[in-house]
Amino acid sequence: MSTLADLVDALGSGRVEMVDLTQPLSEATPIIQLPPPFANSPGWTMREISRYDERGPAWYWNAFEGGEHVGTHFDAPIHWITGQGNDDVSQVPPRRLIGPAVVIDRVAEATADPDYLLEVDDVRAFEKDHGEIAQGSWLLYRTGWDARAQDQGAFLNANDTGPHTPGFSIECARWLGEESPFVGVGVETVGTDAGAAHSFDPPFPCHAFLLGANKYGLTQLANLALLPATGAVLVAAPLKIVGGSGSPVRVFALVERSDG
């Protein structure tokens with residue numbers, strides 16, 4: 001049996017499960033809020049064109065509007081000034097949209113401290129426990145933040161000092177972009193950077209270093225708790241928007257089940 005035929009058989013039998021890592025996209029989807037004088041993204045809205053009526057008797061369809069970076073979405077390198085000469089979302093090679101998933105769980109730490117930052121040593125400790133990380137892998141950072149995904153206030157977790165959400169330290173972001181085998185990172189929060197990253201030097205280092213290195217970001221992921229630490233395969237499918245800095249994206253993982 002060929003490799004692809006075996007995969008189809010495994011999907012049919014349940015030996016391989018597809019886990020949806022995408023949050024529902026609607027007008028209730030939380031969006032990032034930038035302070036003045038910066039322009040903010042519109043949220044997601046839909047307008048009915050027809051629904052089995054005089055506007056179109058046999059069909060239902062809608063028009064929609066929303067920012068590229070609303071809901072579960074893909075950050076292309078061109079999204080950030082450090083990546084302005086790199087790929088837009090339509091230019092990302094499809095082979096880089098699929099790869100081994102490495103899931104690092106810091107739910108306890110992020111629950112205790114919403115400003116928790118992942119460090120390079122955390123990734124190295126993970127690799128010591130689970131084996132060498134393959135080139136082209138995706139780092140999926142589980143913090144439990146997906147439980148807040150339907151509540152704008154809880155999701156952004158902002159006060160007078162700004163938002164407070166977990167992320168990556170400056171050195172970890174630098175390492176991820178410049179030295180690590182990862183092609184991208186995925187998070188459960190509204191953006192790949194920590195809520196307090198506006199005060200870092202450089203600001204928003206995950207954006208600056210990863211996108212500057214022609215790598216990628218995935219945000220507002222769901223169901224990372226259903227994935228093993230290693231062994232799953234991530235697939236991301238952003239829209240092929242010419243000139244786009246990103247796109248809403250359907251993300252899923254292929255997981256081999258021993259009891260399938």
Side-chain angles (χ1 to χ4, degrees), residues 21-26 28-36 38 40-41 43 67 69-75 79-80 101-126 138-177 180 182 184-211 216-227 229 246 251:
L21 305 182
T22 315
Q23 292 286 357
L25 182 58
S26 74
T29 296
I31 59 172
I32 194 168
Q33 295 293 307
L34 302 180
F38 304 116
N40 273 295
S41 171
H69 301 267
V70 171
T72 302
H73 66 267
F74 182 92
D75 288 349
H79 176 46
W80 212 249
V102 170
V103 183
I104 295 184
D105 187 330
R106 288 296 183 271
V107 172
E109 291 83 351
T111 299
D113 176 11
D115 293 312
Y116 178 81
L117 302 177
L118 195 73
E119 301 284 354
V120 177
D121 285 348
D122 295 320
V123 186
R124 289 178 172 153
F126 178 94
W138 282 82
L139 171 56
L140 305 183
Y141 180 22
R142 182 178 174 232
T143 57
W145 220 257
D146 58 337
R148 303 169 178 241
Q150 306 309 313
D151 182 329
Q152 171 96 359
F155 194 64
L156 299 183
N157 198 37
N159 59 21
D160 291 343
T161 64
H164 297 274
T165 59
F168 300 87
S169 73
I170 297 169
E171 284 309 310
C172 189
R174 189 193 313 274
W175 177 80
L176 288 169
S180 83
F182 294 107
V185 301
V187 299
E188 298 166 322
T189 47
V190 74
T192 53
D193 272 296
H198 60 280
S199 64
F200 293 2
D201 185 15
F204 306 104
C206 207
H207 284 77
F209 290 120
L210 270 87
L211 303 186
Y216 316 111
L218 292 169
T219 77
Q220 288 176 249
L221 296 176
N223 296 323
L224 295 186
L226 302 180
L227 305 186
V251 186

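Just so you know, residue 1 is the first one in the sequence shown, and it goes up from there. Excluded from the calculations below are hydrogen atoms, water molecules and symmetry mates; all remaining heavy atoms, backbone and side chain alike, are included.
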Parallel, tilted or perpendicular: ring planes of H69 versus H79, cut at 30 and 60 degrees: parallel
Where F155 and A149 come nearest, the two heavy atoms and their spacing: CD1-CA, 3.7 Å
Results of side-chain contact (heavy atoms from CB on, under 4.5 Å) for V103 - residues two or more places apart only: L140, R142, L227
Main-chain N/O of L211 paired with Y216 side-chain donor or acceptor, under 3.5 Å: no
Closest approach of S41 to G67 (non-hydrogen atoms, all atoms of both residues): OG-CA, 3.3 Å
Nearest non-hydrogen partners of W145 and A110, listed with the distance: CZ3-O, 4.4 Å
L218 vs T72 side-chain heavy atoms within contact, under 4.5 Å: no
Validation row: T165, L156 side chains within 4.5 angstrom (heavy atoms): no
Test ring pair (Phe, Tyr, Trp, His ring centres under 6.0 Å) applied to F209 and W175, step by step: CA-CA 8 Å; F209 290 120; W175 177 80; over 10 Å; no
Results of side-chain contact (heavy atoms from CB on, under 4.5 Å) for D146 - residues two or more places apart only: Q23, E188
Parallel, tilted or perpendicular: rings of F204 and W80 (30°, 60°): perpendicular
Nearest-0.5 Å distance, OG of residue S169 to CG of residue L176: 8.5 Å
Atom pair CG/CG of L139 and L118 - distance to nearest 0.5 Å: 6.5 Å
H164/N157 under side chain to side chain donor-acceptor pair (under 3.5 Å): CA gap, chis, key distance, verdict: CA-CA 5 Å; H164 297 274; N157 198 37; over 6 Å; no
Close side-chain approach of P24 to Q150, heavy-atom, < 4.5 Å: yes
Non-hydrogen side-chain atoms of Q220 and T189 separated by less than 4.5 Å: no
Distance in Å, I32 CD1 paired with F38 CZ, rounded so as to fall on 0.5 Å steps: 11.5 Å
Donor-acceptor contact below 3.5 Å, side chain T219 vs main chain G191: no
Rounded distance (nearest 0.5 Å) linking atom CD1 of I170 with atom CG of D193: 9.5 Å
V123 side chain near I104 side chain, heavy-atom distance below 4.5 Å: yes
Residue pair Y141 / T192, side-chain heavy-atom distance below 4.5 Å: no
Flag side-chain contact, heavy atom, 4.5 Å: C172 against L117: no
Side-chain donor/acceptor of H73 to backbone N/O of G71, under 3.5 Å: yes
Closest contact, heavy atoms only, D115 versus A196: OD1-CB, 4.5 Å
Set of residues satisfying side-chain contact (heavy atoms from CB on, under 4.5 Å) with respect to A154, sequence neighbours excluded: R148, D151
Atom pair CG/CG of L21 and L221 - distance to nearest 0.5 Å: 6.0 Å
